[in-house]
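Proteins get letters first, then strands, A, B, ... in listed order; numbering begins at 1 in each. Side-chain atoms are counted along with the backbone in the values below, which use heavy atoms only and exclude waters and symmetry mates.
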2 protein chains.
Amino acid sequence: MKALLVVAHGSRRAASNEEVRALTQRVAGQASDHYQQVACAFLELADPSIPEGLRALIQSGATDITVLPYFLSAGRHVAEDIPAEVQKVQQQRPDIPIQIAPYVGKSTRMASLLLAQAGASHQD
Amino acid sequence: MKALLVVAHGSRRAASNEEVRALTQRVAGQASDHYQQVACAFLELADPSIPEGLRALIQSGATDITVLPYFLSAGRHVAEDIPAEVQKVQQQRPDIPIQIAPYVGKSTRMASLLLAQAGASHQD
């Protein structure tokens, strides 16, 4: 059973964390062909943590997990901190493949998303 | 002449700022129908600043500018700091319309971008 874990930084602002949860719900709504479970987790400042999120997916039957960093640039969080958190669970469960996708800012679709969003200013 | 200014936070990591500049180039390459100029600016830690970026566009002939916040959540930077920086130039040039687009994390296309990016993990 394939699962997707969207990983955001986490914020002291509850509304920012809620935005991530709402986005995760929208992803889940579009993901049924590819992922049987979609959840989110936070690097810091909000729950669940990355290990908690991964363990919950595994407990619910995930056998193959993709971690997607919801970050715009490849700083230390993406390069070091997220892999280290993932590794905590991967060491305990080497039988479950956990791959980390390239962070969102690296998407080849980002330029066209920006152009669409710039046009959206007139309706917003 | 319409112009688009992509506004990022700015980072102490030069590579992160370069990522924004490279993305801006890709946006420019796709924007010729809608924007005759596309540039980027930074809220802090990198150049140009938002007022510098806006003034450069105006000097190059921009008569209508859209500011696009390259941010994932609606924190203080998006709600207060970027509008305050834009206002510095808008006050001096009330004849130039400057509109601020909704920030990137609010895009209705973000969920499908995330799903595409999750799939990209297998090629990356």
Taking 4.5 Å as the heavy-atom cut-off, does anything in residues 8-30 of chain A contact chain B, and if so which residues?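 Under the 4.5 Å heavy-atom cut-off, A:Arg13, A:Ser16, A:Glu19, A:Leu23, A:Arg26, A:Val27, A:Gln30 qualify.
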Taking heavy atoms only and a threshold strictly under 4.5 Å, list by residue number the residues of residues 84-95 of chain A that touch chain B; give 'none' if the list is empty.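 Counting heavy atoms that sit under 4.5 Å from chain B, no residue of residues 84-95 of chain A is involved.
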Which atom of [X] lies closest to which atom of [Y], heavy atoms considered:
{"X": "B:Ala31", "Y": "A:Leu115", "value": "CB-CD2, 3.7 Å"}
{"X": "B:Ala118", "Y": "A:Tyr35", "value": "CB-OH, 3.4 Å"}
{"X": "B:Gln117", "Y": "A:Tyr103", "value": "NE2-O, 3.0 Å"}

Does any pair with a residue in residues 81-102 of chain A pass ring pair (Phe, Tyr, Trp, His ring centres under 6.0 Å), and if so which ones, sequence neighbours excluded?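 Ring pair (Phe, Tyr, Trp, His ring centres under 6.0 Å) check on residues 81-102 of chain A returns no pairs.
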B:Leu4, part contacting chain A, at a heavy-atom distance under 4.5 Å: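 Side chain only.
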What residue, out of A:Thr108, A:Leu114, A:Val104, has the most heavy-atom pairs lying under 4.5 Å from chain B?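 So the answer, after comparing A:Thr108, A:Leu114, A:Val104, is A:Leu114.
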Between B:Val6, B:Val38, B:Leu72, B:Leu113, which residue shows the highest count of heavy-atom pairs closer than 4.5 Å to chain A?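 Heavy-atom pair counts peak at B:Leu72.
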Heavy-atom contact with chain B under 4.5 Å, split by part of A:Phe71: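 Looking at A:Phe71, just its backbone touches chain B.
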Listing request: all salt bridge (Lys or Arg N to Asp or Glu O under 4.0 Å) pairs with a residue in residues 46-62 of chain A, at least two apart in sequence or in separate chains.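 For residues 46-62 of chain A, and leaving out neighbouring residues, there are no salt bridge (Lys or Arg N to Asp or Glu O under 4.0 Å) pairs at all.
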